[in-house]
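Structure, as structure tokens:
Side chains are part of it too, since the values below use all heavy atoms of this structure and drop only hydrogens, waters and symmetry mates.
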Amino acid sequence: MENGKQTIHKRKKGVPEQWQILSVLMAIYDFIAIHGAYFLALLARFDFKYSEIRPIYLSAYFGFITIYALCALVVFWFFRLYRSLWAYASFAELVRTLEACLITGVAHIIGITVLFGRMPISYYFGGILLQTVLLVGIRFSYRFILYERSKRLPAGGPEGRIMLIGAGSSGQMILRDLNSKGAQSNRVVCIIDDDPNKQGRFVEDVPVVGGREDILTNVDKYRVNKIYLAIPSATAEQKRDILSICNETDCQLKQLPGMYQFVKGEISVSAMQDVSMEDLLGREPVRADMEEVFAFIHGKRVLVTGGGGSIGSELCRQIAAHEPEQLVIFDIYENNAYDIQLELRDKYPELNLVTLIGSVRDSRRMFQVFDTYRPQIVYHAAAHKHVPLMEDSPCEAIKNNALGTYKTAYAAMVHGCERFVLISTDKAVNPTNVMGASKRLCEMIVQCFDAKIKAGKADELPQLFTHVGYENADKDGTGRVFREAKTEFVAVRFGNVLGSNGSVIPIFQRQIEKGGPVTVTHPDIIRYFMTIPEAVSLVMLAGTYAHGGEIFVLDMGSPVKIDTLARNMIKHAGLRPDVDIQIEYTGLRPGEKLYEEKLMAEEGLRKTDNKLIHIGNPIPFDQDQLLIELQALMDAAYANKADIREQLIATVPTFHPVGTSQPTPAEQKKAG
């Protein structure tokens with residue numbers, strides 16, 4: 001701290017910076033160079049014989065040159081020739097220097113001719129040419145020396161041999177940035193580009209050795225240990241194809257993040273980022289029309305249950321960014337709720353933010369929250385989601401997921417909430433585990449709520465409240481609260497979320513950091529993946545476009561083989577699968593299946609304005625029977641009965657635990 005104060009003190013006293021000293025020296029050089037350039041031009045006109053120069057020309061030269069040189073320095077200053085970093089000089093600096101020399105040269109012609117008389121033509125043009133050469137030469141000499149030195153430096157260091165993928169504008173910028181720095185530990189030794197017109201040619205003396213099919217060959221040939229992907233305009237699928245080839249090598253991978261940096265002119269080595277697992281999955285993100293979404297949210301009171309979780313917290317971030325009247329975060333885990341509260345208060349100090357702790361299983365607490373804050377939109381993200389844990393604690397899955405959804409939905413309905421959006425999962429499709437079955441039950445619950453409201457029979461929905469003496473929601477006894485119910489209920493179904501709590505990717509990362517082994521349940525197991533922002537955009541779309549009763553489904557592209565994902569992650573870390581890091585197959589966990597389905601066959605799909613987002617046509621089921629069985633499930637769950645799994649099978653016709661036979665479509669339809 002003391003050193004910092006001394007530095008500030010020196011600057012206040014006028015001690016010049018190093019660049020200021022260099023600028024003064026550069027100006028002195030320019031002053032001398034200008035004199036020399038025009039004197040040499042005059043001397044050359046008379047065959048370098050000073051005695052033959054006419055006195056009138058000498059008199060004009062000596063009388064004008066110093067005045068001209070001082071005026072030229074002023075022009076150079078306005079052209080920023082004394083404030084540029086010449087070690088990184090580019091075409092822009094060259095243009096400015098040429099423009100300054102041209103302007104001062106024309107001024108010299110006019111000035112000396114008007115004040116002293118006409119000079120030889122060769123003096124005018126020779127002086128301008130020599131002045132330009134001397135000024136440009138000194139300014140670009142340092143960069144040229146660095147460039148030549150970098151070419152002569154051995155690139156044998158283990159950290160220094162780079163393959164650049166992309167010989168376009170971005171690739172050339174990266175190459176020039178590396179050369180301008182004269183980096184000793186990093187040198188581009190070859191370039192890959194799929195354009196046949198570029199192959200076999202050179203960029204800054206670096207050969208373009210072939211297309212993507214030549215990556216592996218040239219990694220060995222040029223002893224490459226770093227690969228830089230510099231194609232910001234490439235699609236996610238194109239990146240995936242290239243990166244999958246690069247993953248066959250042991251090289252460190254980096255890439256430019258996207259077109260934004262190219263448009264903004266921010267292409268440099270420092271802009272290179274590590275390749276993420278999202279890039280290796282290779283699917284274009286969902287492009288939602290968020291303007292319409294946020295126009296719907298703007299000025300509304302919004303409640304997010306499970307607001308501290310992976311999906312819930314991202315929902316809160318995006319909602320907070322678009323000025324809701326009030327955002328209420330509700331979560332049972334105070335640490336997560338506190339973290340997102342601090343983040344949002346710091347980023348949005350004007351946000352009307354309320355953070356509450358409680359459980360969706362507590363009906364009195366939920367009614368209190370709705371009574372107090374009257375949310376217009378509810379995003380219900382609170383749920384137990386870990387498959388193996390719910391197999392061991394099925395009653396808790398029913399209490400939290402199914403009954404928590406029912407109680408929250410009931411509170412939303414009787415308090416006049418406009419939209420209720422349930423966060424569901426692809427594990428709800430033909431579920432083979434308790435967690436998936438409980439989420440399918442949640443979908444059936446919100447479909448039942450929506451159907452009863454549309455039929456004007458909301459009063460047939462039972463109060464599944466375990467608290468004795470809790471007053472009826474229909475406080476005035478007229479049934480008005482049920483007749484006027486207007487809430488639109490919708491479910492959103494998507495797959496595994498990258499980076500979420502419990503996601504396979506952070507688990508693999510921790511295992512790799514520890515040196516392995518990486519555990520995969522089965523070599524053939526596949527899953528669909530999406531990013532958290534994609535998941536949240538789908539949830540927001542559902543809340544905006546819902547008409548009630550829909551199950552929104554995201555087309556998540558091709559599923560990913562988990563074994564392949566694990567191997568790619570090991571290679572991505574610069575290690576070799578089954579050599580540096582072992583892969584162990586542990587067997588399917590209780591309730592786990594080899595593949596996840598996004599939609600039951602009977603549901604079908606309807607298109608939306610976004611080609612990657614669809615709406616499933618719900619499977620019909622006996623709603624009154626569901627409500628009866630739901631009461632029985634609640635009693636069994638709170639009694640912690642051991643046979644609750646059998647009751648769940650009876651309530652959810654599509655639920656067939658691992659080891660039982662799967663129903664045919666006809667059987668499913670009959671069961672529905």
Side-chain angles (χ1 to χ4, degrees), residues 10-11 13-148 180 182:
K10 287 180 181 179
R11 289 177 181 171
K13 284 198 167 187
V15 177
E17 297 285 347
Q18 183 181 6
W19 73 269
Q20 294 172 324
I21 296 173
L22 292 175
S23 294
V24 172
L25 294 175
M26 184 69 74
I28 293 172
Y29 167 83
D30 290 346
F31 186 79
I32 297 171
I34 290 170
H35 281 74
Y38 281 93
F39 181 76
L40 285 174
L42 185 60
L43 194 61
R45 168 62 180 79
F46 294 95
D47 298 326
F48 292 96
K49 295 177 181 179
Y50 182 79
S51 59
E52 294 189 7
I53 300 176
R54 296 180 184 178
I56 189 174
Y57 293 152
L58 284 174
S59 176
Y61 168 79
F62 286 115
F64 183 72
I65 194 62
T66 300
I67 298 172
Y68 163 72
L70 292 173
C71 293
L73 295 184
V74 175
V75 174
F76 296 164
W77 174 263
F78 280 108
F79 273 83
R80 304 198 306 274
L81 300 191
Y82 302 120
R83 289 178 287 173
S84 296
L85 292 170
W86 293 102
Y88 309 107
S90 65
F91 183 73
E93 282 78 18
L94 175 61
V95 169
R96 286 207 308 272
T97 306
L98 294 176
E99 288 175 345
C101 290
L102 179 61
I103 290 172
T104 54
V106 172
H108 185 96
I109 294 172
I110 297 172
I112 197 170
T113 303
V114 171
L115 296 176
F116 295 93
R118 184 177 177 278
M119 298 288 285
I121 296 296
S122 60
Y123 167 82
Y124 294 135
F125 293 102
I128 293 174
L129 178 61
L130 288 171
Q131 174 185 305
T132 302
V133 170
L134 292 174
L135 267 62
V136 170
I138 191 64
R139 283 164 169 77
F140 283 83
S141 60
Y142 182 49
R143 176 174 176 179
F144 179 75
I145 291 169
L146 288 178
Y147 173 69
E148 287 298 316
S180 69

Quiz item: Does F62 CZ have over 12 foreign heavy atoms under 6.0 Å away?
Solution: yes
Residues 29-58, side-chain donor-acceptor partners within the protein, below 3.5 Å, at least two apart:
unit_1: Y29; atom_1: OH; unit_2: L134; atom_2: O; d: 2.9
unit_1: D30; atom_1: OD1; unit_2: R139; atom_2: NH1; d: 3.1
unit_1: D30; atom_1: OD2; unit_2: Y82; atom_2: OH; d: 2.7
unit_1: D30; atom_1: OD2; unit_2: R139; atom_2: NH2; d: 2.6
unit_1: H35; atom_1: ND1; unit_2: F31; atom_2: O; d: 2.8
unit_1: H35; atom_1: NE2; unit_2: T66; atom_2: OG1; d: 3.2

Exercise. Considering non-hydrogen atoms only, spot the tightest contact between A60 and F116 and give its length.
Key: CB-CB, 3.6 Å
Exercise. Check side chain to side chain contact (heavy atoms under 4.5 Å, CB included) between V136 and all other residues, then give those that pass, not counting sequence neighbours.
Key: L94, T97, L98, T132, F140
Quiz item: Is any side-chain heavy atom of V75 closer than 4.5 Å to a side-chain heavy atom of L81?
Solution: no
Exercise. Rounded to the nearest 0.5 Å, what's the gap from CZ on F125 to CG on L130? Could you check?
Key: 13.5 Å
Quiz item: From M119 CE over to F64 CZ, what is the distance, rounded to the nearest 0.5 angstrom?
Solution: 10.0 Å
Quiz prompt | Non-neighbouring partners of T113 that pass side chain to side chain donor-acceptor pair (under 3.5 Å), sequence neighbours left out | solution = Y124
Quiz prompt | Candidate pair I109 and I128, rule side chain to side chain contact (heavy atoms under 4.5 Å, CB included), full reasoning | solution = CA-CA 9 Å; I109 294 172; I128 293 174; 3.9 Å; yes
Practice problem: Hey, can you tell me if Y123 and H108 have their rings parallel, tilted or perpendicular (30° and 60° cut-offs)? | Solution: tilted
Quiz prompt | Minimum heavy-atom distance C101-L135, with the two atoms named | solution = SG-CD2, 3.9 Å
Quiz item: Considering only heavy atoms from C-beta outward, does the side chain of Q131 approach that of T104 to under 4.5 Å?
Solution: yes
